[in-house]
There are 2 protein chains.
Amino acid sequence: MSNKIITIGREFGSGGRELGRLIAEKLNYAYYDREIISEIAKRTSLSEKYVQHIAEHKPVIPFPIHTGRTFWAVIPDYGQEVQKEQHDIIREMASKSDCVIVGRGADYILRELKPFRLFVYSDIESKIQRCRENGSNDYENGESMTEKELRRRIEQINKGRADYYEFYTGQKWGEKSNYDLCINTANITDIAKLSEAVTKIC
Amino acid sequence: MSNKIITIGREFGSGGRELGRLIAEKLNYAYYDREIISEIAKRTSLSEKYVQHIAEHKPVIPFPIHTGRTFWAVIPDYGQEVQKEQHDIIREMASKSDCVIVGRGADYILRELKPFRLFVYSDIESKIQRCRENGSNDYENGESMTEKELRRRIEQINKGRADYYEFYTGQKWGEKSNYDLCINTANITDIAKLSEAVTKIC
């Protein structure tokens, strides 16, 4: 029997990561989130911060300047390397044991293994509130940002995730037909209780 | 304390009605589905079949012919009457007791009461399969239809539901931001188990 795999796509600020962690805990599954970035950094000898940036942004397609091939050859293409490592690592994780994998387009990368695909979302107001409450783990300097700045930052991060996902999968991020369960956390206060219920559906 | 209300939007063929019935059963809530149509028929003295047709199709806006007002006055406007009754009946049901209401844009009609809004969907193949299995309760002569006919019929009914919902609510039918939980039943075989889990989230 193949391993049970749960993938979690999530809008930044929706509590998707917390939900994923709790689901993994309750089911006693391995949990992979930032571990993927650390592992890529280790294998490529790039910094975690740089890997994170590459792994969350679609490549900027340079405007084609016709100055010969040499020009392109001197730009190191870490994007492709990071993508390949990410792909390999996610497949390795999925083959090792039952697991929950957060983000990184794992739902698409592992599609042949038929993972249970969750998407977690909420409205912008509850995302802002969640960011304010959660402290600095999930966002940068959220508390010292104005409401407007924080809103813009959240929207920017989610735009980045959508672009990234769509670039690498050809699918629309958050489009419900690509998921088995879509959870709006806007009116949910008890994520632990929610995670308990979700384990009965996965 | 106000009543607990669960509304269920559902694609035809996705098993949403069955899920709603089971949720109501488990929570011991009132369950309203076709009861709404029967009640409208009773109050308006129209036939159930006719009410059902009106209550599930957006009105056809007639091409404006400039022949004076008399022409329009002779066309009985049952659409508006049915809409008004439907609106009133759904509000009455919601005020009576905890309940599950299937379809009819109840999520929108009752939005001020903050219902828990479910949307149930699946891919076309599993809808076709479900229709074949479910017998004649949920579709007309499904078993004697060819695959192509059944597929077209399902798409037609869902197009009707989308148009109707969008006409009366100004919202996009099935757009996840309008719901608290969206469930894809394509890979779910045990609707009873699913309903049990959903009762823990509502």
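Each chain gets a letter, A, B and so on, in the order its sequence line appears, and its residues count up from 1. Values below: every heavy atom of this structure, side chains too, minus hydrogens, waters and symmetry copies.
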Greater than 12 external heavy atoms within 6.0 Å of B/K26's NZ: yes
Answer with side chain, backbone, both or neither: which region of A/F119 has an atom nearer than 4.5 Å to a non-hydrogen atom of chain B? side chain
Note: vs chain B, highest number of non-hydrogen pairs under 4.5 angstrom among A/T199, A/T185, A/I183, A/V198 is A/I183
Where on A/D123 is there a heavy atom nearer than 4.5 Å to chain B: the side chain, the backbone, both, or neither? neither
Can you tell which of A/D190, A/I188, A/D180 has the highest number of heavy-atom pairs within less than 4.5 Å of chain B? A/D180
Who wins among B/G174, B/S177, B/C182 for the most heavy-atom pairs under 4.5 Å with chain A? B/C182
Minimum-distance pair of heavy atoms, taken over all atoms of B/Y121 and A/Y179: OH-O, 3.1 Å
Out of curiosity, B/N184 CG to A/N178 CG, how far, rounded to the nearest 0.5 Å? 9.5 Å
Pick from A/K176, A/R117, A/E196, A/K193 with the largest number of heavy-atom pairs that fall under 4.5 Å of chain B: A/K176
